[in-house]
Structure formats: structure tokens, C-alpha cells
Amino acid sequence: MTRNHDEQTITDAVLERLGDARSARMRQVSEALVRHLHDFIRDIEPTQAEWAAAIDFLTRVGHKCDDRRQEFILLSDTLGASMLVDAINHRHDDGATETTVLGPFFVEARPACAPGENIAPDVDGTPMLVTGSVSGGAAGPLAGASVDTWHADGDGYYDVQNRDRSTMRGRFETDDDGRFRFWTVRPSAYPIPDDGPVGEMLSAQGRHPYRPEHIHFMIAAEGFETLVTHVFARGDPYLDEDVVFGVKDSLVADYVQHDPGIAPDGTAMDRRYVHLHYDFILQPAAPAESPADA
Ligand code: BEZ
Ligand code: FE
């Protein structure tokens, strides 16, 4: 029947139109979307005004996006959707470093850096030495792995939020022993950008916008899954209430405070600094699948 639909038959009417979807996957996804969306609407029974407000909210999320601001990623992250997708795609438990959200502040055009380089040479803050290694588990240390890093400053801002130039980010390569090191400034916990519709949503839901202090890493090596993760600062008060639900115990490490002296990389420090060390383990790449047909 294609007319006179009621609150129940409207769902089957839409599902019946999906038979000629371009692929089996497109049909499966579309059917699930319609079923869940209709069930959601029957569950909340919105007024016309509430439904218009929902459409206005999504419209404003889109309008807030530009090349520096990705409000849809914020929406996905704050609703836990990003971490759910992450969990579904990383079900293995074989000793590889755990993953977490990419977030909206990764930028493709990041500087390639030399070993030990300072990625925040003219940013005020507590000096921080980051050292680490990349291994393939049983495959041993991975030489030539690419190690991308990015993080906020001590006031909680990324370069893309308040600067025109790229800083506190860079791409390093591991040495023959799979090691890398760099200097930067210590980040801090920070609120995600909350001056847009996602911020309005958080405050309407009675939630704060904070993430615990962390440094982002994206690590890639041939033959291995690219690892997207962070290393969080042990002791941060927001570890148990990250607004994007991204914290995992295995990703919490000591940001160790040191008095002036010779740092572990041999640098003579005349003021206090912080040292973080983390050893990453990559997951061997899954065998290639045939291209998705959606
Ligand atoms: C971040 O850590 O950069 C981030 C992640 C999710 C939402 C906002 C920021
Ligand atoms: Fe971040």
C-alpha cells in the first residue's frame, strides 16, 4: 500500500522503496537508518516545533564547519559515536597499542621534522621532552615508521584555533632501533570548542566540555595498521569524565617533572621540564579485502 500511511505502516512503506538500492550494503544501511530513525521518533514523539528545532540544530552544525572547524566531528565525538566506531573497528586484544579518537585538529599539511627537533620553539610553557619507540610486536622495532604528533598549548589551544602558523605538531621518523624523540611544551586539559551548536547541546545536557591533558599520535608503517591514539597525563582530574569518552587505562602515562639538569636525550636544561616516554606497538595489517561496494 502506498497511501494512507499511519504511525506504523509508514516504516514499511519507506523500506519497500529501498529494493533497488545501488548495492546490498547501501540497502542494508538505508533500511537500518529508516528503522532506527522511525523507532526513535515513535519513542520521543516530537512536536512539530521540536522537530524543526532538531533540523535547525543540524543545519547550524553544518554551517559551523569550515577548513578549521569540524562541528560534525565534535557532534560525533561528544555523542560517543566516534568511540563506538573505533571500538567496532579495533576488536583485537593482542598487545597492540589501543586506539582513540582522531579529533578535529589533525592537519594534513604538517611539518616534517628532524630527530629531537623542538616543535614549539616560540610557544611559552613548560619544556617537555617526548621519547618513545615503535614496534611491530613479534616483528620487533620498526625503523622508518612515521610518527605524527599534535597537541594543545599550556592554555589548551591548538595552533589552528588561534594562530596562522603550524606549531605543536610535526611528523618524525623512527631511527634504526624504532625510536623517536622531540621537544615541545607541556599541554593542558582543555574544553573542546564550545562556542557553536555542539557547545549549546552540551550545556543543555548539563555536561562540561573538557578533555584531559593529552598528546596525539598517528603512527604508520608499511605492513601495519595505522595507529591513531593519544597518551594522557596520569593524575588529570578529567580522565574519568572526558567529554568524548576517549580515555583508556593503557593510554595513561606519567608526565614526569624534572629539576634543571641533563635531560635523558643529553640536553642541558637550566629550568624545570617534563619528560614523557611511551612505547607504541602496531597491529599487523589485515589481509586486503575486496573494495567496499556501498
Ligand atoms: C582532540 O583531542 O583534539 C579532540 C577530540 C575530540 C573532540 C575535540 C577535540
Ligand atoms: Fe586533543
Side-chain angles (χ1 to χ4, degrees), residues 61 69-106 125-126 128-132 148-158 160-161 168-169 184-219 227-258 272-281 283:
V61 168
R69 176 77 175 249
Q70 230 306 348
E71 197 77 357
F72 269 112
I73 293 184
L74 288 184
L75 182 60
S76 163
D77 292 348
T78 51
L79 290 177
S82 301
M83 283 308 292
L84 177 56
V85 173
D86 181 76
I88 287 167
N89 283 277
H90 298 95
R91 286 188 173 128
H92 55 83
D93 178 18
D94 50 8
T97 302
E98 291 192 282
T99 50
T100 189
V101 283
L102 176 67
F105 296 127
F106 173 72
T126 306
M128 180 161 183
L129 172 65
V130 180
T131 58
D148 256 295
T149 186
W150 67 103
H151 66 83
D153 64 18
D155 294 326
Y157 291 103
Y158 283 79
V160 289
Q161 289 178 284
M168 301 171 293
R169 66 178 70 241
T184 186
V185 291
R186 181 173 189 159
S188 66
Y190 63 84
I192 63 165
D194 62 351
D195 58 342
V198 170
E200 283 170 32
M201 178 192 79
L202 291 175
S203 94
Q205 291 173 340
R207 297 167 61 187
H208 72 69
Y210 280 88
R211 299 215 66 207
E213 178 178 9
H214 60 274
I215 295 184
H216 292 255
F217 290 92
M218 183 190 294
I219 302 183
L227 171 68
V228 174
T229 196
H230 318 340
V231 180
F232 296 93
R234 196 180 315 284
D236 189 287
Y238 292 107
L239 285 173
D240 284 321
E241 42 183 285
D242 181 7
V243 67
V244 303
F245 311 95
V247 179
K248 296 175 178 175
D249 281 341
S250 66
L251 301 178
V252 178
D254 294 311
Y255 284 34
V256 183
Q257 307 219 34
H258 288 271
R272 286 171 66 79
Y273 66 97
V274 172
H275 179 207
L276 165 67
H277 181 91
Y278 198 90
D279 296 315
F280 296 91
I281 301 174
Q283 160 86 5

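Reckoned from all heavy atoms, side chains included, excluding hydrogens, waters and symmetry mates. What you see is a predicted model, and the numbers here were worked out from it, not measured in a lab.
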*Asks:* Around atom CG of Asp240, are there more than 12 heavy atoms of other residues, nucleotides or ligands at under 6.0 Å?
*Replies:* no

*Asks:* Will you find, in the side chains of His214 and Tyr255, an N or O donor that is under 3.5 Å from an N or O acceptor?
*Replies:* no

*Asks:* What's the separation between atom OH in Tyr273 and atom OG1 in Thr126, rounded to the nearest 0.5 Å?
*Replies:*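 It comes to 13.0 Å.
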
*Asks:* Kindly compute the distance separating CD (Glu241) from OH (Tyr210), expressed to the nearest 0.5 Å.
*Replies:*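 Spacing of CD (Glu241) from OH (Tyr210) equals 11.5 Å.
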
*Asks:* Ignoring hydrogens and geometry, is there a side-chain-to-backbone donor-acceptor pair from Thr100 to Gly246 under 3.5 Å?
*Replies:* yes

*Asks:* Please report the shortest heavy-atom distance between Ile73 and Pro104, naming the atom on each side.
*Replies:* CG2-N, 4.2 Å

*Asks:* With the side chain counted from C-beta on, respond yes when Leu74 and Pro193 share a heavy-atom pair under 4.5 Å apart, and no when they do not.
*Replies:* yes

*Asks:* Asp236 and Ala189: which non-hydrogen atoms are nearest, and at how many Å?
*Replies:*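 So the minimum-distance heavy-atom pair works out to OD2-CB, 3.7 Å.
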
*Asks:* Evaluate side-chain contact (heavy atoms from CB on, under 4.5 Å) for Asp194 paired with Val243, printing each intermediate quantity in order.
*Replies:* CA-CA 11 Å; Asp194 62 351; Val243 67; over 6 Å; no

*Asks:* Enter the distance from Arg186:CZ to Leu129:CG here, rounded to the nearest 0.5 Å.
*Replies:* 13.5 Å

*Asks:* For a 4.5 angstrom cut-off between non-hydrogen side-chain atoms, does Gln205 reach Thr78?
*Replies:*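 SC-SC contact between Gln205 and Thr78 ruled out.
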
*Asks:* Counting N and O atoms only, with roles assigned by atom type, does the side chain of Asp254 sit under 3.5 Å from a partner on the main chain of Val256, one being a donor and the other an acceptor?
*Replies:*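 Side chain of Asp254 to backbone of Val256: no pair is present.
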
*Asks:* So, do Met128 and Pro187 sit near enough that their side-chain heavy atoms are less than 4.5 Å apart?
*Replies:* yes

*Asks:* How far apart are the closest heavy atoms of Ala233 and Val252, and which atoms are they?
*Replies:* C-CG1, 4.2 Å

*Asks:* For Thr149, give me all partners under side-chain hydrogen bond (donor to acceptor under 3.5 Å, both in side chains), at least two apart in sequence or on another chain.
*Replies:*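 Once residues adjacent in sequence are excluded, Thr149 has no partner under the side-chain hydrogen bond (donor to acceptor under 3.5 Å, both in side chains) criterion.
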
*Asks:* Given 3.5 Å as the limit, does a donor-acceptor pair link the side chain of Thr97 with the main chain of Ile281, or not?
*Replies:* yes

*Asks:* Please confirm whether the backbone N or O of Gly156 pairs with a side-chain atom of Ser188, one donor and one acceptor, at under 3.5 Å?
*Replies:*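 Judged by distance alone, yes, a pair lies under 3.5 Å.
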
*Asks:* Check step by step if side-chain contact (heavy atoms from CB on, under 4.5 Å) holds for Val247 and Tyr238.
*Replies:* CA-CA 9 Å; Val247 179; Tyr238 292 107; over 6 Å; no

*Asks:* For Gly80 versus Phe245, what's the shortest heavy-atom pair and its separation?
*Replies:* CA-CD1, 3.9 Å

*Asks:* Of the non-hydrogen atoms in Ala253 and Leu276, which two are nearest, and what is the gap between them?
*Replies:* CB-CD1, 3.8 Å

*Asks:* Within this structure, what is the CE-CG distance for the pair Met83 and Asp242, rounded to the nearest 0.5 Å?
*Replies:*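 Reported value, rounded in 0.5 Å steps: 8.5 Å.
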
*Asks:* Students often mix this up, so state it plainly: with edges at 30° and 60°, are the rings of His275 and His258 parallel, tilted or perpendicular?
*Replies:* tilted

*Asks:* If you count every heavy atom of other residues, nucleotides or ligands that lies below 6.0 Å from Asn89 atom CG, does the total exceed 12?
*Replies:*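 Yes - once you tally the heavy atoms of other residues, nucleotides and ligands closer than 6.0 Å, there are more than 12.
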
*Asks:* What distance separates Arg69 CZ from Phe105 CZ, expressed to the nearest 0.5 Å?
*Replies:*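 If we round to the nearest 0.5 Å, Arg69:CZ and Phe105:CZ are 7.5 Å apart.
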
*Asks:* Checking Thr229 side chain against Glu98 main chain: does a donor-acceptor pair fall under 3.5 Å?
*Replies:* yes

*Asks:* So for atom CZ, which belongs to Phe106, do other residues, nucleotides or ligands contribute more than 12 heavy atoms lying within a distance under 6.0 Å?
*Replies:*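 It does: Phe106 CZ has more than 12 such atoms within range.
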
*Asks:* Please step through side-chain contact (heavy atoms from CB on, under 4.5 Å) for the pair Tyr278 and Val130, ending with a clear verdict.
*Replies:* CA-CA 8 Å; Tyr278 198 90; Val130 180; over 6 Å; no

*Asks:* Are any of the side-chain nitrogens in Arg211 or Asp77 under 4.0 Å away from the carboxylate oxygens of its partner?
*Replies:* no

*Asks:* Checking Asp94 side chain against Ala96 main chain: does a donor-acceptor pair fall under 3.5 Å?
*Replies:* yes

*Asks:* Has the side chain of Asp155 got a donor or acceptor atom that lies under 3.5 Å from a matching backbone atom of Tyr157?
*Replies:* no

*Asks:* Specify whether His216 and Trp150 have parallel, tilted or perpendicular ring planes, treating 30° as the upper limit for parallel and 60° as the lower limit for perpendicular.
*Replies:* parallel

*Asks:* From Thr184 OG1 over to Arg169 CZ, what is the distance, rounded to the nearest 0.5 angstrom?
*Replies:*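 Nearest 0.5 Å value for the OG1-CZ distance: 11.0 Å.
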
